[in-house]
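Quick notes on the structure that follows.
For ligands, and for the atoms within them, numbers begin at 1 and follow the listed sequence. Quick note: residue numbers are just sequence positions, from 1.
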Amino acid sequence: MYRVADYGALIADTVRMGAFVTALKRTIKPGAIVIDVGTGTGIFALIACALGARRVYAIEPNDAIDVAREIAAANGYADRIEFHHARSTDVTLPERGEVLIADIGGMLPWFERAIPSIVDARRRLLAPDGVILPRRDTIWTAVVDAAEMYSRLTRGWEANEFGIDMSAARDLVVNAWARGRISEDQLLAPPRRCAGVDYANIDDPDVEMNVEWVIARAGVGHGVAAGFDRTVVEGVEISNAPDAPAHVRPTLVYEPVFFPWPRPLVLEAGDVVSLELRASLLHDEYVWAWKTQARRGNGETKGVFNQSTFLGTPLSLERFRRQARQ
Ligand SMILES: C[S@@+](CC[C@H](N)C(=O)[O-])C[C@H]1O[C@@H](n2cnc3c(N)ncnc32)[C@H](O)[C@@H]1O
């Protein structure tokens, strides 16, 4: 759930905003009908008005929409923006939009119900020749030496001076993804492209990615980092991929995602690491599963890990009952 401060970070991030404003300037023609799914505090809806949109439908389930209403009134755009305090999937509009803005993914596109929402908005709310922003994502993953991030996750649960075995909690945290910045010197092999999402065509909310790396330099692998190259509009990109150059990398939002391994692995140049990474939407959340195999150049196994976010949260009977009722 976004707080108003989170929307502030999205707006203050000059890389993200620069890319979206360029995309809006290129896409929104005077008189256009625009749909802003996930308007938050309304920034894109307001910019669309400033660019001459005739009507903007701004949709947001978060109470921050009341702040957006206030900001629209303060800027003289209240009469051109129709606010809907709801999820886009529950909204019916009197006309179809020419431009659909839907920056509703998280650090990766597979986030909450972002993909089904975009598919639904594309089918019901957008004109057949309408444009979706952002247009597409390419997903990159890399094996990383991330000692600091790994230690932050696990050190509270390792053997301790109190002689108390906390390993049950350690098993949980290594089965959950984390977020954190990665620098190029942490990569043990060049990032590999492992999936693409074209928002004009995507239908399937789930994904399976298979990727293999030949380790380029010796180091300790702690897991896999993943991020996207996002084409907001042709020629305008932002990226949180593990090797993203600074000029396209948002600094305040969209940290890369880190899938930790259950234990660090000493890797040599020439070792081969393969990964099967799956995201399956269950209700409103994704279950991520990641299977890793590391072997020496001669085929000898160094490690086999089978992990899932299903094993990354305490599973209470009460939660199962609640979910079963939904
Ligand atoms: C990354 S924020 C973007 C906020 C705003 N566009 C901005 O740039 O400041 C994503 C927003 O999308 C909203 N959201 C997610 N799914 C939605 C849906 N199906 N319909 C409407 N809003 C949605 C979330 O509540 C969140 O406020």
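- Between the side chain of S308 and the backbone N or O of F310, at least one donor-acceptor pair lies under 3.5 Å.
- Using a 30° and 60° split on the angle between ring planes, F20 and F44 fall in the parallel class, below 30°.
- Taking CE from M166 and CG from D171, the interatomic distance works out to 12.5 Å, rounded to the nearest 0.5 Å.
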Would you mind listing each N/O atom of ligand 1 next to any protein N/O under 3.5 Å, plus the distance?
residue	atom	partner	partner atom	Å
ligand 1	6 (N)	G38	O	2.8
ligand 1	8 (O)	R16	NH1	3.2
ligand 1	8 (O)	R16	NH2	2.7
ligand 1	19 (N)	S88	OG	3.0
ligand 1	19 (N)	S117	OG	3.0
ligand 1	20 (N)	S88	N	2.9
ligand 1	20 (N)	S88	OG	3.3
ligand 1	22 (N)	G38	N	3.3
ligand 1	25 (O)	E60	OE2	2.7
ligand 1	27 (O)	Y7	OH	2.5
ligand 1	27 (O)	E60	OE1	2.7
ligand 1	27 (O)	E60	OE2	3.1

Please tabulate, for side-chain N and O atoms in residues 129-136, each donor-acceptor pair with protein atoms closer than 3.5 Å (sequence neighbours left out).
residue	atom	partner	partner atom	Å
R136	NH1	E234	OE2	3.2
R136	NH2	E234	OE1	2.8

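- Applying the ring-ring contact (aromatic ring centres under 6.0 Å, His included) rule to W140 yields no partners; only residues at least two apart in sequence or on another chain are considered.
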N/O donor to acceptor pairs below 3.5 angstrom from side-chain atoms of residues 256-274, sequence neighbours left out:
residue	atom	partner	partner atom	Å
W261	NE1	T292	OG1	3.3
D271	OD2	E268	N	2.8
D271	OD2	K302	NZ	2.5

